Visitor: 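This structure is in structure tokens; I'll ask about it shortly.
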Amino acid sequence: MENLSRNFYLQPTQTVARRLLGAILVHQEPLGTTTGMIIETEAYDGENDLACHARSGKTERNQAMYLTGGHAYIYFTYGMHWMFNVVTGPQNYPAAVLIRAVKPIHGLDIMRVRRSPIEKKHWCDGPAKLTTAFHITNDLYGADLCNPASSLVIKNGADISDRLVRTTSRIGIGYAPEPWRSKPWRFLLAAENAPSLPDDL
DNA sequence: TCTTCGATTGTCT
DNA sequence: GACAATCGAAGAA
């Protein structure tokens with residue numbers, strides 16, 4: 001199973017968001033390795049997208065969005081939650097895909113400790129939930145997901161057919177004006193539709 | 001199952 | 001000083 005390539009992340013943001021469905025998020029930690037299949041994403045596409053954090057230009061917080069595709073953009077919000085995004089597109093084009101949900105595969109014992117007493121089906125079904133279960137924090141800000149030596153990578157997973165994918169408008173961006181608020185840039189795969197995996201992870 | 005609401009702090013205006 | 005790419009508990013139905 002191979003890491004997704006740099007070229008993969010240089011595709012248009014919406015394409016990357018759609019194609020990340022079925023891919024495998026892998027975090028190697030001292031305690032062990034946690035993995036999960038990505039089942040929900042959102043695309044944020046450049047300074048012209050008024051729902052994107054880069055809408056007001058480059059700041060200290062969002063500078064990672066200006067890196068070349070394939071890096072991690074991580075930020076803190078609502079006073080208590082970490083969010084994990086994957087930067088897309090060429091350098092200096094601020095776009096990213098928010099990873100909103102994954103289906104846990106490996107490292108379940110580690111996740112159980114972190115997410116207890118919540119029941120398993122809710123361990124990773126929200127963007128701040130999966131960062132807790134996978135222990136993704138600001139330490140990984142700007143990390144290169146294409147570097148094989150990186151502790152956080154995304155691997156090629158299952159090919160997801162269009163009939164299993166739903167799109168909706170993005171969540172939590174009520175401040176954004178139209179047409180951005182209604183752009184169908186959220187991509188979902190129902191957890192029960194997520195294919196099972198080869199067991200060579 | 002659905003809806004409401006409090007928690008809590010970094011970042012930008 | 002306002003507010004945020006949210007979560008989870010609690011209460012209603």
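Just so we're on the same page: letters track the sequence lines, and every chain starts at 1. On a predicted model such as this, the values are computed, not experimentally measured, just so you know.
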Visitor: Which dot-bracket notation, 5' to 3', represents the base pairing of DNA chain C when pairs are defined as Watson-Crick or G-U with both distances under 3.5 Å, crossing pairs as [ ], and inter-strand pairs as |?
Guide: ||||.|||||||.

Visitor: Side chains of A:Val16 and A:Val86, heavy atoms from C-beta outward: is any pair under 4.5 Å?
Guide: no

Visitor: Can you check whether A:Val113's main-chain N or O pairs, donor with acceptor, with A:Ser116's side chain at less than 3.5 Å?
Guide: no

Visitor: Contact class for A:Phe76 (heavy atom, under 4.0 Å): base, sugar-phosphate, or nothing?
Guide: sugar-phosphate

Visitor: Rounded off to whole Å, could you give me the CD1-to-P distance for the A:Ile74 and C:dA5 pair?
Guide: 16 Å

Visitor: Run the side-chain hydrogen bond (donor to acceptor under 3.5 Å, both in side chains) check on A:Tyr66 and A:Glu47 step by step: do they pass?
Guide: CA-CA 10 Å; A:Tyr66 290 77; A:Glu47 294 178 354; 2.6 Å; yes

Visitor: Can you tell me how far C1' of C:dC7 sits from CD1 of A:Ile171, to the nearest Å?
Guide: 14 Å

Visitor: What's the CG-C1' distance between A:Asn85 and C:dA4, to the nearest Å?
Guide: 14 Å

Visitor: Look at the side-chain N and O atoms of A:Arg100 and state whether any lies under 4.0 Å from the OP1 or OP2 oxygen of C:dT6.
Guide: yes

Visitor: Is A:Glu42 salt-bridged to A:Arg170, going by a charged N under 4.0 Å from an acidic O?
Guide: no

Visitor: Give me the one residue out of A:Met83, A:Gln63, A:Met65 that meets side-chain contact (heavy atoms from CB on, under 4.5 Å) with A:Tyr73.
Guide: A:Met65

Visitor: Could you work out which one of C:dA9, B:dT8, C:dC7 sits closest to the side chain of A:Lys129?
Guide: C:dC7

Visitor: Between atom NE2 in A:His122 and atom P in B:dT1, what is the gap in whole Å?
Guide: 9 Å

Visitor: Does a side-chain N or O from A:Ser56 land closer than 4.0 Å to OP1 or OP2 of B:dC12, or not?
Guide: no

Visitor: May I have the distance from A:Asp125 (atom CG) to C:dT6 (atom C1'), rounded to whole angstrom?
Guide: 12 Å

Visitor: B:dT8, C:dA5, B:dT9: which one has an atom nearest the side-chain heavy atoms of A:Met80?
Guide: B:dT8

Visitor: Using a cut-off of 4.0 Å on non-hydrogen atoms, how would the nucleic acid contact of A:Met83 be classed: base, sugar-phosphate, or nothing?
Guide: sugar-phosphate

Visitor: So do A:Leu152 and A:Leu145 actually touch side chain to side chain, heavy atoms under 4.5 Å?
Guide: yes

Visitor: What's A:Leu98 touching, base or sugar-phosphate or nothing? Going by heavy atoms closer than 4.0 Å.
Guide: base

Visitor: Using a cut-off of strictly less than 4.0 Å, decide whether A:Thr77 has a side-chain nitrogen or oxygen near OP1 or OP2 of C:dT6.
Guide: no

Visitor: Given atom NZ of A:Lys183 and atom C1' of C:dA5, what is their separation to the nearest angstrom?
Guide: 17 Å

Visitor: Please give me the minimum heavy-atom distance between A:Asp49 and A:Ala43, naming the atom from each residue.
Guide: OD2-O, 4.3 Å

Visitor: At their closest point, which heavy atom of A:Ile154 faces which heavy atom of A:Ala23, and how far apart are they?
Guide: CG2-CB, 3.8 Å

Visitor: Taking the minimum atom-to-atom distance to the side chain of A:Tyr78, which one of C:dA9, C:dT6, B:dC12 wins?
Guide: C:dT6

Visitor: For a quick test of reading the model: is some side-chain N or O of A:His53 closer than 4.0 Å to OP1 or OP2 of C:dA5?
Guide: yes

Visitor: Once you apply a heavy-atom cut-off of 4.0 Å, does A:Arg115 come out as touching a base, just sugar-phosphate, or nothing?
Guide: sugar-phosphate

Visitor: I'd like to check, for A:Tyr75, whether its ring lies over the base of C:dA5 with centroids under 5.5 Å apart and a plane angle smaller than 30°.
Guide: no

Visitor: Between C1' on C:dG8 and CH2 on A:Trp123, what's the gap in Å once rounded to a whole number?
Guide: 17 Å

Visitor: Of the listed nucleotides (B:dG10, B:dC12, C:dT6), which one gets closest to any side-chain atom of A:Arg61?
Guide: B:dC12

Visitor: Tell me: OH of A:Tyr175 to C1' of B:dT13, nearest whole Å?
Guide: 15 Å

